[in-house]
Amino acid sequence: MLMISAALATFLFADEGRSQSQTEAADSAVAVLIIACPGALGLATPMSIMVGVGRGAQAGMFLKNAGALELLGKVKWLVVDKTGTLTEGKPRLTDAIIRGGTDEATLIQYAASLERASESPLAAAIMHGAEGRKLALLPVTDFRSVTGGGVAGLVKGRAVLVGKLKFLAAEKISLPPDLESRAIALQAEGKTVVFVTVDGSAAGLLALADPIKQSTPEAVALLHQLGIKIVMATGDNQGTAEAVAKKLGLDDFQSQMEPADKIRRVQELRQQGGLVAMAGDGINDARALAAADVGIAMGTGTDVAMDSAGVTLVKGDLRGLAKAIHLSRATMGNIRQNLFFAFAYNVLGIPVAAGLLYPFFGVLLNPMIAGLAMAFSSVSVIANALRLRRAKL
């Protein structure tokens, strides 16, 4: 309506105020309509987004929606899970500490038999440990699992529990001080410890080592350079979490975090100011990924995590997140450039089309020239958006 009004005013003013012929006045009105057409404006944002998403795919990032691409460049906080995100997610059974009358083979056999029904990386490591020792897995009845805590069931008629200290405490099972001391020493080495109890008594513990990904230290350094503060939220124990956080130079960490705790941590950081991204790979991370401003899933993780996230790093490499942030900032800058091109043609072209130069130079803008100018504005926007294909990430 505004464009039509401007064109009508141009026609009337040209016909009466500047004594142009009706043909010239009509040409000026048509030129105004053509110049005022927001074709380039309609292309400015979607073209940049489309090219940006494609550039991300080339670099190993699957961007589920345009909102994630926009928000990534504004992220201040990054909450990360440990296992499978900072570490390889392929822990190995390194130590088996026995206590009482249980032997090492039985301890591992009972634990592996229970963990067979679990999907966690720690469960897989215990099972591989049993396979390496050629221990047969035993039938389990009355199996139950507590997310982020542990598993329990009957193995050969004996009540067996495998899990964290918190899980055992909830089951009202206490551990002897010497076993806890051994656990603390192993945790200080960055190992994850799970305890095994049989018939309500401590049978021993299993220690698992999950190496930090070779790419993680570089990724942490790159993210810090981008002004991102990194907070680790892990279900692991305090000692292991502290060892990993100190080694990587993280800004903060929380241990023994349940899925609900991770969501609360995301909300707390959001209240402190700034957008919050969450990176994880497991089922336990899915709800926190959905709760964050931007959810980032590792492509090497679970389908549930990838479904909950707006961004998936195909190779499971956090360096890809630094690239994604660079891409986000480059894309938003490209959109601003496109908007400038779109508006510049309108701002400069409409007065000329309306006859601004006629009283001084007797020059009118031919509608065909106006059409060419507007086509060129769209070409300028498209060409500028295509520059993102060569953006350095």
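Atom set for the values below is all heavy atoms of this structure, side chains included, hydrogens, waters and symmetry mates excluded. Computed from a predicted model, the values in this text were never measured in an experiment.
A single hydrophobic cluster is seen to contain both Ile230 and Val75, as judged by linkage of ILVMFWY side chains at heavy-atom distances under 4.5 Å, directly or through other members. Under the 4.5 Å side-chain heavy-atom criterion for ILVMFWY residues, a single connected hydrophobic cluster contains both Leu223 and Ile296. Note on Leu222 and Leu250: separate hydrophobic clusters, where clusters join Ile, Leu, Val, Met, Phe, Trp and Tyr whose side-chain heavy atoms are under 4.5 Å apart, directly or indirectly. Under the 4.5 Å side-chain heavy-atom criterion for ILVMFWY residues, a single connected hydrophobic cluster contains both Met332 and Val311. Both Val80 and Val294 sit in one connected hydrophobic cluster of ILVMFWY residues. Membership requires side-chain heavy atoms under 4.5 Å apart, directly or through other members.
Here the shortest heavy-atom pairing between Ala233 and Val79 reads CB-CG1, 3.8 Å. Of all heavy-atom pairs spanning Lys262 and Ala288, the tightest one is CB-CB, 3.9 Å. The two residues Asn338 and Ala385 have their closest heavy-atom pair at ND2-CB, 3.9 Å. Nearest heavy atom pair, residue Leu313 against residue Gly320, reads CD2-C, 3.8 Å. Across all non-hydrogen atoms, the minimal contact from Gly295 to Ala309 is O-CB, 3.3 Å. Closest of all the heavy-atom pairs between Ala68 and Gly310 is CB-O, 3.9 Å.
Note that OG1 of Thr85 is 11.5 Å distant from CG of Asp317, once rounded to the nearest 0.5 Å. Put simply, CD on Glu70 and CG on Asn65 are 10.0 Å apart, with the number rounded to the nearest 0.5 Å. Put simply, CD on Gln109 and OG1 on Thr102 are 12.0 Å apart, with the number rounded to the nearest 0.5 Å. In this structure, CG in Leu289 is found 11.0 Å from CE in Met306, a value given to the nearest 0.5 Å. Rounded to the nearest 0.5 Å, atoms CD (Glu218) and CZ (Arg319) are 5.0 Å apart. Rounding to the nearest 0.5 Å places CD of Gln187 at 9.5 Å from CD of Glu180.
Between the side chains of Asp103 and Thr106, a donor-acceptor pair is found at a separation under 3.5 Å.
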Pair Asp293-Arg270, side-chain contact (heavy atoms from CB on, under 4.5 Å): steps then yes or no: CA-CA 9 Å; Asp293 294 299; Arg270 187 183 287 123; 3.4 Å; yes
query: Where do Asp261 and Gln254 land on the side-chain contact (heavy atoms from CB on, under 4.5 Å) test, with the steps shown first?
result: CA-CA 10 Å; Asp261 297 328; Gln254 280 77 41; over 6 Å; no
- prompt: Is there a side-chain contact (heavy atoms from CB on, under 4.5 Å) between His224 and Asp251 once you walk through the steps?
  reply: CA-CA 9 Å; His224 278 154; Asp251 297 284; 2.8 Å; yes
message: Test side-chain contact (heavy atoms from CB on, under 4.5 Å) on Leu63 and Leu72; report intermediate values, then the result.
response: CA-CA 10 Å; Leu63 299 159; Leu72 269 173; 4.2 Å; yes
field: salt bridge (Lys or Arg N to Asp or Glu O under 4.0 Å) assessment of Lys166 paired with Glu258
entry: CA-CA 11 Å; Lys166 185 178 179 180; Glu258 305 290 344; 3.7 Å; yes
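Counting only distance, with no hydrogens or angles, the side chain of Asn384 and the backbone of Ser380 share no donor-acceptor pair below 3.5 Å. Within the 3.5 Å criterion, the main-chain N or O of Ala207 finds a donor-acceptor partner in the side chain of Thr94. Arg158 places no side-chain N or O within donor-acceptor distance of the main-chain N or O of Leu154, the cut-off being under 3.5 Å. With Thr216 contributing its side chain and Ile212 its backbone, the two residues share no donor-acceptor pair below 3.5 Å. Remark: the backbone N or O of Ala324 is not paired with any side-chain donor or acceptor of Ser328 at under 3.5 angstrom.
Taking the side chain as every heavy atom from C-beta outward, Lys246 and Glu242 approach each other to under 4.5 Å. No side-chain heavy atom of Met232 sits less than 4.5 Å from a side-chain heavy atom of Asp252. Residues Leu318 and Met298 form a side-chain contact, since some pair of their non-hydrogen atoms from C-beta on lies under 4.5 Å apart. Using a 4.5 Å cut-off on side-chain heavy atoms (C-beta onward), Ser48 and Leu388 make contact. A 4.5 Å side-chain heavy-atom check between Leu78 and Leu321 finds at least one atom pair inside the cut-off. Residues Leu339 and Val381 fail the side-chain proximity criterion, which asks for heavy atoms closer than 4.5 Å. Side-chain contact between Met257 and Thr234: absent, with no pair of heavy atoms (C-beta onward) separated by less than 4.5 Å. Residues Gln238 and Gln256 form no side-chain contact, since every pair of their non-hydrogen atoms from C-beta on lies 4.5 Å or further apart.
Shown here are the side chain to side chain donor-acceptor pair (under 3.5 Å) partners of Asp236, two or more places apart in sequence or in another chain: Lys82, Thr192.
Its side chain outside the 4.5 Å cluster rule for every partner, Phe62 clusters with none of the Ile, Leu, Val, Met, Phe, Trp and Tyr residues. The hydrophobic cluster containing Leu206, built from Ile/Leu/Val/Met/Phe/Trp/Tyr side-chain heavy atoms closer than 4.5 Å, also comprises Leu93, Ile98, Leu107, Ile108, Tyr110, Leu114, Leu122, Ile126, Leu135, Leu138, Val140, Phe143, Val151, Val155, Val160, Val162, Val194, Val196, Val198, Leu208. Taking a 4.5 Å side-chain heavy-atom cut-off between Ile, Leu, Val, Met, Phe, Trp and Tyr, the cluster of Leu205 extends to Ile97, Val146, Leu161, Leu165, Phe167, Leu168, Ile173, Leu175, Leu179, Leu186, Val193, Phe195.
Checked against Lys191 for a side chain to side chain donor-acceptor pair (under 3.5 Å), the options Asp95, Asp210, Thr240, Asn237 give a single hit: Asp95.
The 12-atom threshold is not exceeded at CZ of Arg182, counting heavy atoms of other residues, nucleotides or ligands nearer than 6.0 Å. Heavy-atom neighbours of Lys64 NZ from other residues, nucleotides or ligands within 6.0 Å: above the threshold of 12. Counted within 6.0 Å of NZ on Lys164, heavy atoms from surrounding residues, nucleotides or ligands total more than 12; the atom is thus considered enclosed.
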For residues 272-279, which side-chain N or O atoms pair as donor and acceptor with protein atoms under 3.5 Å away, sequence neighbours left out?
none

Could you tabulate the donor-acceptor pairs under 3.5 Å formed by side-chain atoms of residues 53-61, not counting sequence neighbours?
| residue | atom | partner | partner atom | Å |
| --- | --- | --- | --- | --- |
| Arg55 | NE | Arg389 | O | 3.3 |
| Arg55 | NE | Ala391 | O | 3.3 |
| Arg55 | NH2 | Ala391 | O | 3.0 |

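Salt bridge present: Glu171 and Arg144 bring a charged side-chain N and a carboxylate O closer than 4.0 Å.
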